[in-house]
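Below: the structure, in structure tokens.
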Amino acid sequence: QVQLVESGGGLVQAGGSLRLSCAASGRTVSSNYMGWFRQAPGKEREFVAAIRWSGGTTYYADSVKGRFTVSRTNAKNTVYLQMNSVKPEDAAVYYCAAQTGDAYIYYAGSYTYWGQGTQVTVSS
């Protein structure tokens, strides 16, 4: 089992920055990829970014590429999502997730473990 707890959400002005954290505990050694997803009201959960624990390879949705940065600690216990140049359309509940395999990282169904989510609100 892997437990995930997100933090760092809140209110940010459009154009501003915010950093989300995801603290992982439990059998983190079993996880292979960590992902960030978001879900806005009335919309489906969508992929934002992912990082492979080994090697740190990163992946981004086109909508956030160049603005968001995903990173992790070498201790394999915390993943971050640095959000810069935030836009109103970035407002959503952000979730971190972990998967133990090599399944399609852009698909929420590939992830086994999920955090409870953290709200990001953007004021324009």
Side-chain angles (χ1 to χ4, degrees):
Q1 292 283 345
V2 177
Q3 293 79 41
L4 304 173
V5 179
E6 302 97 335
S7 61
L11 177 65
V12 59
Q13 276 195 323
S17 298
L18 203 62
R19 189 175 82 157
L20 307 183
S21 300
C22 174
S25 60
R27 295 192 73 250
T28 58
V29 292
S30 67
S31 63
N32 198 10
Y33 290 92
M34 296 293 293
W36 284 98
F37 288 77
R38 66 187 182 188
Q39 188 167 19
K43 295 189 175 181
E44 291 190 357
R45 191 167 298 190
E46 65 172 357
F47 172 81
V48 176
I51 187 166
R52 182 165 185 165
W53 279 119
S54 175
T57 304
T58 57
Y59 310 83
Y60 297 96
D62 287 343
S63 59
V64 306
K65 202 171 292 183
R67 300 188 297 120
F68 292 9
T69 302
V70 60
S71 61
R72 88 291 190 236
T73 61
N74 289 333
K76 212 175 184 181
N77 57 8
T78 307
V79 176
Y80 302 99
L81 184 68
Q82 177 67 44
M83 305 168 59
N84 296 330
S85 302
V86 173
K87 302 177 180 180
E89 52 264 41
D90 293 323
V93 177
Y94 282 71
Y95 299 90
C96 72
Q99 69 153 293
T100 59
D102 271 313
Y104 189 59
I105 61 166
Y106 302 94
Y107 173 53
S110 298
Y111 294 78
T112 305
Y113 305 103
W114 290 84
Q116 82 289 348
T118 185
Q119 177 73 51
V120 173
T121 303
V122 183
S123 63
S124 54

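Throughout, residue positions are numbered sequentially from 1 according to the sequence presented.
Contact between Ser85 and Ser17 at its shortest, heavy atoms only, is N-OG, 4.4 Å. Of all heavy-atom pairs spanning Ala40 and Ala91, the tightest one is CB-O, 3.8 Å. Of all heavy-atom pairs between Gly115 and Tyr95, the closest is O-CD2, 3.6 Å. Looking at every heavy atom in both residues, Trp114 comes nearest to Ala108 through CZ2-O, 3.4 Å.
Listed by chain and residue number, Tyr106 satisfy the ring pair (Phe, Tyr, Trp, His ring centres under 6.0 Å) test with Tyr104 (two or more places apart in sequence, or in another chain). Remark: Gln116 pairs with Val5, Glu6 by the side-chain contact (heavy atoms from CB on, under 4.5 Å) rule, at least two apart or across chains. For Thr58, the side-chain hydrogen bond (donor to acceptor under 3.5 Å, both in side chains) criterion is met by no residue, not counting sequence neighbours. Listed by chain and residue number, Leu11, Gln13 satisfy the side-chain contact (heavy atoms from CB on, under 4.5 Å) test with Ser123 (two or more places apart in sequence, or in another chain).
To the nearest 0.5 Å, atoms OH (Tyr33) and CD1 (Ile105) are separated by 6.0 Å. Distance CZ/Arg67 to CG/Asn84: 9.0 Å, rounded to 0.5 Å. The distance from the OH atom of Tyr80 to the OG1 atom of Thr73 is 6.0 Å, given to the nearest 0.5 Å.
Using a 4.5 Å cut-off between side-chain heavy atoms of Ile, Leu, Val, Met, Phe, Trp and Tyr, Leu81 falls into a hydrophobic cluster with Val2, Leu4, Val12, Leu18, Leu20, Met34, Trp36, Val48, Ile51, Trp53, Tyr60, Val64, Phe68, Val70, Val79, Met83, Val86, Tyr94, Tyr113, Val120, Val122.
Counting heavy-atom neighbours within 6.0 Å of Gln1 CD, excluding the residue itself, gives a total of 12 or less.
A distance-only check finds no donor-acceptor pair linking the side chain of Ser110 to the backbone of Ala103 [under 3.5 Å].
Applying the salt bridge (charged side-chain N to carboxylate O under 4.0 Å, His left out) test to every pair with at least one member in residues 29-41, sequence neighbours left out, gives these pairs: Arg38-Glu46, Arg38-Asp90.
Because its NZ or CZ atom is not both nearer than 6.0 Å to the ring centre of Phe37 and within 45° of the ring axis, Arg45 does not count as a cation-pi partner of that residue.
A heavy-atom distance below 4.5 Å is found between the side chains of Asp102 and Arg52.
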